[in-house]
Structure formats: structure tokens, C-alpha cells
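Each remark here refers to the structure printed beneath this line.
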Amino acid sequence: MGEAGQSREGESITPLLGGGTENKVAAPPQQFNSLPVPNENASYINQATSYLGSYFSHSSVEYGGKDSCKSLSHPHELLRSTSGGDGDSPVSVCVSPGARCSTSSESPTSAANSPSAESTETPSQASNAIVTSNWLGLSGTSMFQGLIDRALRTVRGSADDIGWLQHDAEMPPAEDGTDRFNKILEDIGHGVHRLPNTVLYLLVPGLFSNHGPLYFVDTKTKFSKMGLACHIAKIHSESSVEKNAREIKEYIEELCWGSNKKVLLLGHSKGGIDAAAALSLYWPDLKDKVAGLVLAQSPYGGSPIATDILREGQLGGYVNMRKIMEIMIFKVIKGDIQALEDLTYERRKQFLKNHPLPQELATVSFLTEASISPAALATFSHVAQAELPLTKLPVVMPLGAAMAACAQLLQVRYGEKSDGLVTCCDAEVPGSVVVRPKRKLDHAWMVYSSLNEAPLEADAAQVCEALLTLLVQVEEEKQRQLD
């Protein structure tokens, strides 16, 4: 057995810590090629593990520095682990600051008796060197443990967050208003309309509504034919909740200026969140101007879709899903990634804790369940129309099919019913009158008509009229209670 840095049986070995006067660390590219290994299989596994580990920065280990050496009881010692089955050929691993690990097949005796290693090692080198017995093995373990953690976090997803509003003891209970809604809707079908013209109606569109020219247009048109003053809020739906809340507040003040009429709001999807935020943040300025709020298919508690996309520490983090969404929202549709972040469970919990809805506000929440039947997968929605010189052609998209597919995914993964984007329990606003229709309606149905709609069923405009009529009744009951 020769000295450290010398050959054994004609093989060349790169020293762990250079001897003589040069005192250089072995070059990283020769980390494995210039060293004899007792077991070729173990060497191959170590190299493969090191190679794979470079792709998972979260499980990489930083070496060097005095602080890291403090965790070792004897930082100057060379610790060894056996790679072979007989344990006769230990492999020493030494990592110094600024260099990768080097491996040697020298024996404990030769290392201890090597004058060059002892004579050239200074106290500074001993305190700065980090010595591990099986760095490559630990790196591999950390890497695969990180993979397991990410996989578990990905599989678990939003299971612990869905429906948190119903589990929060501090939230007020909701009241079921489905029967009252059905009675109103039946009367509307027979031509009985009860919406007063003494108030203003403001429809607040949801996420990506700026790219849907027909969003709420049919509802506004039918309201206007009934002699009702109906408006669609002109907001950038892809902006943050607080930014839209401020714009809605200004919009309400502009509508009320000089009219001496109160406003009834109906917000769909994120539009309901934006409208609720406006009333929560600016209630002292709006309490004399707003009569009530309807949240239709709004992720009031949060959205599992948004949360699963943006959650950190998932398997999707390896492809930087957040960066992809930022490019899609900011570059493609000129929006703000915070618009999606504001719909995550974490953000909703924080916001509702700091800014709950006023208890005296009349509120109605509307939640639906999308159909996941094979017929729903062939549903197309009328989202726009192309105007030609002699005719108009409808522009359709398979929104209904997409909603059905997403609803089936949420049903299989979480066992939760949804409209395709929002689970039913997350759309139920605490303290509100809740409407849960038996009819299967997806998330896009409220604002875009379907091409294969049943002629005897109520359309979206009639459903909005019924919800606002119910809201008027709830507001009158609130006033009687306050009086």
C-alpha cells in the first residue's frame, strides 16, 4: 500500500488534497476517470446520481465555509465508506470550498501515514474543508426524497383547502333559497317580471371577459327591453382584485351621481370576487349607494384550478409552470398574474380575514354543477359573431366541452362537484342566501349561450333576472330586520 497520491499496481491517482508545495485540489472533470474504484457498478451509480442531482437544485448541497464545518465533530478527519461488498476498499470523499468532491481508494493506514497530506494541511484548510463519507449517496437520497415530497404535494393538491369556508366556525351560516328562486324563475317563464326600475343594475364580468365580446350582452339587451337601466362594468378583468375593486367603486359612484338610485350588483366568476372586494374595502362610501350583491359561480373561498397551477413545490415546478402562466397572462392577454394569484386559497383566506363582507349587505350566491355526460363533451358556446357584408356568422368555441372535462377531473381527483372551474362548496358565500339549482350548468353558461340549448329551459338572462329578483326580496327582509 503506497502513499497518498502515488500509484498502486500501476494506476495513477489524483491526490485528495495536493501534496508538496503546489497544494492544489484535483480538477473536477477528472473526478471519476482518474481514480480507481473498487466496484464499477457503485461508481456508475454514483456518477449517474451526481448527474441527475444537477437538475434538481432544491436538493443540492452547498459546501464550503466555516459554518458548514461546525456541524461536523471532526472536520479535519477523512471519513470513509466502503463501496465494495467486502469492505476492504474504502472510498474517501473530501469536498473543499470551491471544488467538487474527489474520491480515493487509499486505505486508512496509508492515509494516516501519508506525510504529504499531514505536512501540507494547514489549520485554515482543515477548518474550511467539508468531509462526508457518502456525499453522492446522500445527494441521491435527498434528490429522491425531494421527488417524493413533490409528488405527494402534487397528488394531495387542494384537498385540504376545498370547502374551508364551511369548516370555519367564525363564518356565518348560509340560508337555502333554492325553492324561492325556482318559484321566481317559474313566474318569469309565464311572463311575470318583478324587477323594479327604481334601481340601477350593474353586471360585473369575470376573468378573460375582455376577450369575449358577447359577455353579458344578451342579459343586458333583455333587461333594457324591460325598461331597466342595466350596465356592464368596463373593467380589465385580468387585473388584480384590489385594482378592480377600486374601479368598481368609482363606477358605482359615477352611476349614482345625480340619479338618486341605488345599485344592485351581479358579478360572475371573478367579477363576483371583484364586486365583493369593492364593498368590503369601501363600504363606508358605498353603503348608501348599493342595495345588494349577487355572486354567480364565484370562487369566493378560492379556486382549486388557480391554486394547483401556482402552488410551489409540485412536480410541475420543474417546468416552471408559474413562468408559463406569467407569459400567457402578461404577454398574450396583457393581464396581471396577480389576477390568478388572488383566486388561490391562500390569498382568499388572507383577504377574507382582513376584509369580510358587511353583515348588513343583502347577498345571494349562485352555484351550479356541470354535466360530465358524453353529450356535454360535444357542447359549443357562442362567444362572438363575425360581421360580413350580407350576414353575421356565429363564432363558437368548445367551452362547454372544456368545462365538462375540468368538472370530471375535479370529481375524480377531489370527489367534489363543480361547474368546471369552481367547486360548489367554494362558491357558497357565508351569510348569504344560497341557490343550488338541480339543472346542470357549467361555468361558461351564465354568460355565453349554448348552441344546443333546450328551448323550454330558462336562458341565462332569465336566470340573472330571477337571482336579482330574489336579491330584492332579501334586501327588503334585511331592511325590515334593521328597522
Side-chain angles (χ1 to χ4, degrees), residues 195-207 209-210 215-217 219-224 226-300 336 339 342-343 351-352 354-366 429 431-433 446-447 461 464-465 467-476 478-479 482:
L195 277 182
N197 58 5
T198 56
V199 296
L200 305 174
Y201 300 91
L202 180 60
L203 308 177
V204 185
L207 198 64
S209 60
N210 293 21
Y215 207 110
F216 270 144
V217 169
T219 300
K220 179 186 176 183
T221 302
K222 292 184 177 180
F223 275 34
S224 299
M226 292 187 294
L228 304 175
C230 184
H231 305 267
I232 300 177
K234 304 299 181 183
I235 61 174
H236 194 346
S237 62
E238 289 80 38
S239 296
S240 66
V241 168
E242 294 191 4
K243 181 178 183 298
N244 282 344
R246 183 172 59 255
E247 293 184 2
I248 293 172
K249 180 246 187 186
E250 296 172 353
Y251 208 97
I252 294 173
E253 292 176 335
E254 182 180 348
L255 289 176
C256 295
W257 184 81
S259 66
N260 198 27
K261 292 182 179 181
K262 287 190 173 184
V263 178
L264 288 176
L265 293 97
L266 188 152
H268 175 253
S269 188
K270 181 178 178 288
I273 304 299
D274 294 337
L279 300 180
S280 300
L281 294 171
Y282 306 105
W283 183 242
D285 299 326
L286 299 177
K287 63 180 179 179
D288 296 329
K289 301 178 178 66
V290 175
L293 168 66
V294 174
L295 296 97
Q297 300 174 318
S298 298
Y300 190 74
D336 187 350
D342 288 342
L343 301 181
F351 185 89
L352 294 179
N354 298 329
H355 310 288
L357 275 175
Q359 293 185 358
E360 62 268 31
L361 176 67
T363 311
V364 172
S365 54
F366 180 71
V429 180
S432 69
V433 176
M446 283 291 294
V447 290
C464 290
E465 180 184 353
L467 290 172
L468 288 169
T469 303
L470 176 60
L471 179 63
V472 171
Q473 296 179 1
V474 174
E475 195 271 339
E476 292 174 351
K478 285 268 187 181
Q479 289 299 323
L482 293 176

Closest approach of Gly292 to Leu361 (non-hydrogen atoms, all atoms of both residues) = CA-CD1, 3.9 Å
Would you say the side chain of Phe366 lies within less than 4.5 Å of the side chain of Leu295, judging by non-hydrogen atoms?
-> no
Hey, mind stepping through Leu203 and Cys230 against side chain to side chain contact (heavy atoms under 4.5 Å, CB included) and telling me if it holds?
-> CA-CA 7 Å; Leu203 308 177; Cys230 184; 3.7 Å; yes
Do Val204 and Ile235 come within less than 4.5 Å of each other through their side chains, counting heavy atoms only?
-> yes
Of all heavy-atom pairs between Ile248 and Ala275, which one has the smallest distance, and what is that distance?
-> CD1-N, 3.7 Å
What's the shortest heavy-atom distance between Ala296 and Leu266, and which atoms?
-> CB-CD2, 4.5 Å
Do Glu253 and Lys249 sit within salt-bridge range, that is, some charged N less than 4.0 Å from a carboxylate O?
-> yes
Examine distances only and state if a side-chain atom of Thr363 and a backbone atom of Ser432 form a donor-acceptor pair shorter than 3.5 Å.
-> no
Given side chain to side chain contact (heavy atoms under 4.5 Å, CB included), test Val263 with Tyr251 step by step and report yes or no.
-> CA-CA 11 Å; Val263 178; Tyr251 208 97; over 6 Å; no
Backbone of Val241 reached by a side-chain donor or acceptor of Asp342 within 3.5 Å = yes
Does the Tyr282 side chain pair with the main chain of Ala277, one donor and one acceptor, at a distance under 3.5 Å?
-> no
What is the distance from atom NZ of Lys270 to atom OG of Ser298, rounded to the nearest 0.5 Å?
-> 10.5 Å
pair Phe223-Leu195: side-chain heavy atoms closer than 4.5 Å = yes
Step by step, work out the side chain to side chain contact (heavy atoms under 4.5 Å, CB included) result for Phe351 and Leu281.
-> CA-CA 10 Å; Phe351 185 89; Leu281 294 171; 4.2 Å; yes
Tell me, do Val364 and Leu468 make a side-chain contact under 4.5 Å, heavy atoms counted?
-> no
So, do Gln297 and Ser269 sit near enough that their side-chain heavy atoms are less than 4.5 Å apart?
-> no
Of all heavy-atom pairs linking Lys222 and Ala461, the shortest is CD-CB, 3.5 Å
Minimal heavy-atom distance between Asn197 and Gly227, with the atoms involved, is CB-O, 4.0 Å
In Å, rounded to the nearest 0.5 Å, how long is the span from OH of Tyr201 to CG of Leu255?
-> 13.5 Å
Counting only heavy atoms not in Asn260, do more than 12 sit closer than 6.0 Å to its CG atom?
-> no
Of all heavy-atom pairs linking Ala233 and Pro205, the shortest is O-CD, 3.6 Å
Does Asn244 use its side chain to pair, donor to acceptor, with the backbone of His236 at less than 3.5 Å?
-> yes
Between atom CG of Leu265 and atom CG of Leu471, what is the distance when rounded to the nearest 0.5 Å?
-> 9.0 Å
Does any non-hydrogen side-chain atom of Tyr215 lie less than 4.5 Å from one of Met446?
-> no
Student check: side-chain heavy atoms of Ser239 and Glu247 closer than 4.5 Å | no
Leu264 CG to Thr198 OG1 distance, which is reported to the nearest 0.5 Å = 8.5 Å
Go through the steps to decide whether Leu286 and Asp288 satisfy the test side chain to side chain contact (heavy atoms under 4.5 Å, CB included), and finish with yes or no.
-> CA-CA 5 Å; Leu286 299 177; Asp288 296 329; over 6 Å; no
To the nearest 0.5 Å, what is the distance between CZ (Phe216) and NE2 (His231)?
-> 14.5 Å
Please tell me if the side chains of Lys261 and Val199 come closer than 4.5 Å, counting only heavy atoms from C-beta onward.
-> no
Say you draw a straight line from CG of Leu200 to SG of Cys256; how long is it, rounded to the nearest 0.5 Å?
-> 6.0 Å
